[in-house]
Structure formats: structure tokens, C-alpha cells
Amino acid sequence: MDDVFTLLCQALDLLPEDAAADNGQTVGDVREDLGRREWGPALGVLEEIADVHPVSVDFWELLAEAARRMALDRSRRWCRWRAWEVRHGTIRATLHLMDPKEGGPRTAFPGDGRLRPMWDIGGRSRSTDGERALRVARLWVEFQPRLGPGETATVRLAPLHPEQWRHLEPGDVTFMHQARLVADPPPAHAGIAEIIEILPPRV
């Protein structure tokens, strides 16, 4: 695990000495964890600090590789996700999944960025009938591993084509779909999301 130690030290070196997380953990706490060879806790503190302190793509990629070598798959996915946000921007929303009887999913789905639902964000297709265009965006559920029918959570979205989402603002509403709008009448939406935060790219 010495390679993990090196990766975490390299990430730590990218932070200023006074960087701290909301919960009060500091760069010094990370050094103590590393001194005790507690790689997992050190990774967790670095993630917490980076939630409030601006960091680079390189920082997140170092953490992602460390998580991969520790077989911490969710942490690896999260760090890759955050690296993507540094490059492309952050979109956060409050998502409410509909009940299955209303068109919502029948089972809970993992919230670690693997789901790629389609979203109605107000655009139209280039076809002659001008039907609504759905845009693909990966979905990350904050603070919980899964999201089930009828539940509400704060989520982050990673669009396949971020430039198509630039017009959105906090307060806008978008609809999540599980299938393309090819039926007549079109299928009910699976969820409804209100945008709560949009941050630009940081590179």
C-alpha cells in the first residue's frame, strides 16, 4: 500500500496548510492519519476538505487512483465525478421520483453515477415536428447509496453534452424519463427535479 501513501501525500501537497473541512478536520489531521498508516480515513478527510476548498482535476485524479488501489469503488467513482465537475461544471437539483403507478421506477437504483437517464430540459428536436428533445445526464445521489420510488433526494447531474444545459438556472424544473418520447401519448415522466445550484467549470 506504499503507492497509496504516495498518492495521498501528493494530493495533500496540493492543499494549502490552512485548508479545512466544514467539520473542522484539517491538513494536520490527514498527516496524522498517514502517520498511522490509516489510508481510508486520510482519503475521507481529503474528500471532506475538497468539498469546501477549491482543488484541481489532478487532486481528484490522485484520490481516485488511491481509492481504486484500496478497492473503494464508490469513493473512486465519487472522485472521478468531482474531477469531471471541475472540468465541466456542477449541476445540483432536488429530485423527486414518481410512484410506479405515475410512471416512476419500480425499484430503487444505485446513486453512484452509473444511471444515465434522459431529461426534458425544454429543448426541441431538429425534426420537422419539433418534438421535445431529451438529453442524457448521469445521476449521482448525495448522501445515500440508492434512491427508490416516491423518494426525494439532492442529486448531481453530469450531462453527456454540458453545453446543451447552459441555459438552466436555479429554480428551473426538468423532468426525468426512463424511455424516449416515442409513444402516443408520450410516457409519464419518472421524476421531477428542481435545479438548486449551478457552478461553472473551474479549469
Side-chain angles (χ1 to χ4, degrees), residues 19-24 46-57 59-60 63-64 74-75 77-99 102-105 108-126 130-181 186-203:
D22 277 339
N23 60 13
L46 287 168
E47 290 178 0
E48 292 279 351
I49 292 174
D51 278 342
V52 296
H53 185 85
V55 294
S56 64
V57 171
F59 177 91
W60 285 115
L63 294 194
R74 186 175 176 86
S75 286
R77 290 178 180 276
W78 174 239
C79 295
R80 292 288 186 199
W81 184 283
R82 296 301 300 276
W84 186 96
E85 288 187 340
V86 173
R87 291 188 179 99
H88 301 287
T90 300
I91 301 175
R92 298 175 68 240
T94 300
L95 172 65
H96 173 71
L97 290 186
M98 310 306 291
D99 184 271
E102 301 173 313
F109 59 79
D112 60 0
R114 286 178 285 179
L115 187 70
R116 296 171 178 257
M118 290 170 286
W119 303 85
D120 179 356
I121 58 173
R124 296 285 174 176
S125 71
R126 296 180 180 178
E131 66 182 8
R132 286 178 294 169
L134 298 185
R135 310 300 184 188
V136 177
R138 291 184 295 130
L139 175 67
W140 187 285
V141 182
E142 293 187 353
F143 308 119
Q144 58 192 77
R146 304 178 70 81
L147 189 64
E151 295 180 345
T152 300
T154 300
V155 301
R156 303 170 92 103
L157 304 177
L160 181 61
H161 298 290
E163 69 280 0
Q164 297 174 342
W165 295 62
R166 301 294 187 214
H167 64 285
L168 293 179
E169 298 178 351
D172 287 346
V173 173
T174 179
F175 300 95
M176 172 181 155
H177 290 266
Q178 299 181 94
R180 294 195 178 278
L181 303 180
H189 50 264
I192 181 170
E194 179 178 350
I195 304 299
I196 59 174
E197 183 180 34
I198 295 182
L199 298 175
R202 295 178 288 285
V203 293

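With a 4.5 Å cut-off on side-chain heavy atoms, P54 and R202 do not count as touching. Side-chain contact between L97 and L147: present, with at least one pair of heavy atoms (C-beta onward) separated by less than 4.5 Å. At a threshold of 4.5 Å between non-hydrogen side-chain atoms, the residues H161 and V136 do not count as touching. Using a 4.5 Å heavy-atom cutoff, the side chains of I195 and E169 are not in contact. Looking at L46 and F59, their side chains come closer than 4.5 Å, going by heavy atoms from C-beta outward. Annotation: side chain of V86 is in contact with side chain of W60 (closest heavy-atom distance under 4.5 Å). Using a 4.5 Å heavy-atom threshold, the side chains of E48 and H53 count as separate. For the pair W78 and L63, the minimum side-chain heavy-atom distance is 4.5 Å or more.
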**Request:** May I have the step-by-step check of side chain to side chain contact (heavy atoms under 4.5 Å, CB included) for H167 and I121, ending in yes or no?
**Result:** CA-CA 9 Å; H167 64 285; I121 58 173; 3.9 Å; yes

**Asked** Is there a side chain to side chain contact (heavy atoms under 4.5 Å, CB included) between R82 and R77 once you walk through the steps?
**Response** CA-CA 9 Å; R82 296 301 300 276; R77 290 178 180 276; over 6 Å; no

**Request:** Take M176 and L115, measure what side chain to side chain contact (heavy atoms under 4.5 Å, CB included) needs, and give me the verdict at the end.
**Result:** CA-CA 12 Å; M176 172 181 155; L115 187 70; 4.2 Å; yes

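Using a 30° and 60° split on the angle between ring planes, W119 and W165 fall in the perpendicular class, above 60°. The aromatic rings of H177 and H189 stand perpendicular to each other, their planes meeting at an angle above 60°, with 30° marking the opposite boundary.
Legend: residues meeting side chain to side chain donor-acceptor pair (under 3.5 Å) with R114, ordered by chain and number and at least two apart, are D112. Partners of E102 according to the side-chain contact (heavy atoms from CB on, under 4.5 Å) rule, which considers only residues two or more places apart in sequence or in another chain, are M98, D99.
When all heavy atoms of G113 and W140 are compared, the pair lying nearest together is N-CE3, 3.5 Å. When all heavy atoms of A20 and V52 are compared, the closest pair comes out as O-CG2, 3.1 Å. Contact between P105 and P149 at its shortest, heavy atoms only, is O-CG, 3.0 Å. Considering all non-hydrogen atoms of both residues, W84 and L157 come closest at CZ3-O, 4.3 Å.
In this structure a side-chain-to-backbone donor-acceptor pair under 3.5 Å is present from R146 to A108.
Taking OG1 of T174 as the reference point, atom CE of M118 lies at 12.0 Å (rounded to 0.5 Å).
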Result block: side-chain N/O donor-acceptor pairs under 3.5 angstrom for residues 87-95, not counting sequence neighbours:
| unit_1 | atom_1 | unit_2 | atom_2 | d |
| --- | --- | --- | --- | --- |
| R87 | NH2 | E61 | OE2 | 2.7 |
| T90 | OG1 | E85 | OE1 | 3.3 |
| R92 | NE | E142 | OE2 | 2.9 |
| R92 | NH1 | E197 | OE1 | 2.9 |
| R92 | NH2 | E142 | OE1 | 3.1 |

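At most 12 non-hydrogen atoms from other residues, nucleotides or ligands lie less than 6.0 angstrom from CZ of R116.
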